[in-house]
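Below: the structure, in structure tokens.
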Amino acid sequence: MSADSSSSTKPTHKAYGITNIKTYIPLILDLSTRNYDLWSDLFNAHNIAYGVADHINETYEPPPPPPNKPPTDQEWKELENLVKLWLFGSISQKLITSPYSINVTAHRIWLNLQSLFYDDKESVPMQLEDELRNITLGDLTIHDYCEKIKKIVDMLEGLGEKVKDRSVVLHPLNGLPNKFENAAGMLRFSKPLPTFLEM
């Protein structure tokens with residue numbers, strides 16, 4: 001290889017090395033799991049690490065040329081579409097049509113996904129509180145039931161809603177089937193009422 005050809009060879013952007021986004025972002029974003037905060041944090045961290053965060057944040061237009069070898073417009077378009085593929089590869093099929101329109105930018109998809117989860121901030125805590133109030137054991141194991149309760153409480157607190165210990169204990173006790181009534185009854189009338197972690 002001649003010195004001229006080696007010096008003109010452009011280094012490959014590290015983002016091109018990602019063949020499976022699920023290896024780096026193992027969560028699938030979905031409305032039913034309400035995992036937007038964790039998913040978006042992982043996705044943003046991934047984009048920062050691979051030097052393409054400007055495709056989803058406010059500076060989503062091609063940047064002005066830096067002094068040394070700037071990305072070409074073609075490279076910008078390729079990276080833009082790569083980030084869009086990452087987005088669509090890490091969200092549920094039901095969500096794919098929600099943020100999508102023809103020729104939409106990665107930044108617009110990012111904002112559309114965010115709005116799906118946060119535009120109606122009042123109703124989400126109400127839905128979660130209602131879910132906690134009406135939770136039942138059903139076919140779940142006790143371990144999975146407790147994990148489900150903890151997840152609801154964590155999501156509420158993540159939205160800035162303080163959940164009373166009393167609610168975290170009494171609502172799940174009320175959702176237990178009759179075979180647990182003796183134990184549930186003793187817990188309901190305990191003085192003081194145990195916390196969720198003490199049960």
Side-chain angles (χ1 to χ4, degrees), residues 21-22 24-48 56-58 86-101 106-199:
I21 192 62
K22 291 176 182 153
Y24 300 86
I25 304 167
L27 298 175
I28 294 295
L29 178 65
D30 189 59
L31 281 168
S32 63
T33 56
R34 298 185 185 104
N35 59 351
Y36 176 79
D37 289 331
L38 181 55
W39 173 86
S40 64
D41 190 48
L42 285 172
F43 196 91
N44 197 40
H46 175 78
N47 278 261
I48 291 168
I56 60 170
N57 68 23
E58 291 76 23
W86 289 350
L87 282 163
F88 289 125
S90 63
I91 65 177
S92 69
Q93 286 188 330
K94 288 181 183 177
L95 280 180
I96 286 176
T97 54
S98 301
Y100 186 72
S101 60
H107 178 67
R108 175 46 50 199
I109 295 169
W110 180 257
L111 293 178
N112 289 350
L113 288 169
Q114 185 180 48
S115 71
L116 278 173
F117 286 84
Y118 283 108
D119 269 0
D120 195 3
K121 285 191 173 183
E122 290 300 314
S123 71
V124 173
M126 288 171 61
Q127 289 169 5
L128 288 169
E129 286 167 2
D130 189 55
E131 194 174 334
L132 181 62
R133 195 170 16 264
N134 296 303
I135 196 164
T136 59
L137 180 65
D139 294 332
L140 297 172
T141 65
I142 291 293
H143 177 268
D144 290 342
Y145 187 55
C146 291
E147 284 296 311
K148 186 175 179 181
I149 295 160
K150 184 178 183 316
K151 186 175 178 184
I152 294 169
V153 172
D154 288 347
M155 286 189 289
L156 279 164
E157 292 186 347
L159 292 167
E161 300 289 321
K162 179 66 181 138
V163 185
K164 293 181 180 176
D165 282 338
R166 182 175 183 77
S167 298
V168 182
V169 172
L170 292 180
H171 294 317
L173 285 176
N174 294 338
L176 292 173
N178 288 337
K179 67 179 182 179
F180 294 102
E181 187 51 43
N182 286 342
M186 287 190 294
L187 288 170
R188 277 190 203 99
F189 297 107
S190 296
K191 300 284 184 197
L193 188 69
T195 67
F196 179 69
L197 294 175
E198 292 172 336
M199 290 198 331

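One is the number of the first residue; the rest follow in order along the sequence. If you're wondering where the values come from, they're calculated on a predicted model, not measured in any experiment.
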To the nearest 0.5 Å, how far apart are CG in Asp37 and CG in Leu42? 11.0 Å
Short side-chain to backbone donor-acceptor contact, Asn174 and Leu170, under 3.5 Å: yes
Could you state the interatomic distance from NE2 (His171) to OG1 (Thr136), rounded to the nearest 0.5 Å? 13.5 Å
Ile96 CD1 to Leu87 CG distance, which is reported to the nearest 0.5 Å: 10.5 Å
When rounded to the nearest 0.5 angstrom, what distance separates CG in Leu140 from CD in Glu147? 11.0 Å
Counting only N and O atoms by type, is there a donor-acceptor contact under 3.5 Å from the side chain of His107 to the main-chain atoms of Asn57? yes
Do the side chain of Asn35 and the main chain of Ile28 share a donor and acceptor less than 3.5 angstrom apart? yes
Check the pair Ile152 / Glu129 against side-chain contact (heavy atoms from CB on, under 4.5 Å), numbers first and verdict last. CA-CA 8 Å; Ile152 294 169; Glu129 286 167 2; over 6 Å; no
So does Asn134 have more than 12 non-hydrogen atoms from other groups sitting under 6.0 Å from CG? yes
Where is the tightest heavy-atom contact between Asp30 and Leu95, given as atom of each residue plus distance? CA-CD1, 3.8 Å
Distance col, row Leu132:CG vs Leu156:CG, nearest 0.5 angstrom, shows 7.0 Å
So does Asp130 have more than 12 non-hydrogen atoms from other groups sitting under 6.0 Å from CG? yes
Looking at Pro125 and Glu161, what are the two nearest heavy atoms and their distance? CB-CG, 3.7 Å
Can you name the residues that form a side-chain hydrogen bond (donor to acceptor under 3.5 Å, both in side chains) with Ser90, not counting sequence neighbours? Trp39
Could you tell me whether Asp154 and Lys150 have a side-chain N and a carboxylate O separated by less than 4.0 Å? yes
Starting at CG of Leu137, measure out to NZ of Lys148 and round the result to the nearest 0.5 Å. 9.5 Å
Just jot down the side chain to side chain contact (heavy atoms under 4.5 Å, CB included) partners of Asp41, sequence neighbours excluded, or say none. none
Proximity of Phe43 and Trp110 rings by center, below 6.0 Å: yes
So do the side chains of Tyr145 and Ile135 get within less than 4.5 Å of each other, counting heavy atoms only? yes
Contact check, side chains of Pro172 and Leu176, non-hydrogen atoms, under 4.5 Å: no
For a 4.5 angstrom cut-off between non-hydrogen side-chain atoms, does Ser92 reach Leu29? no
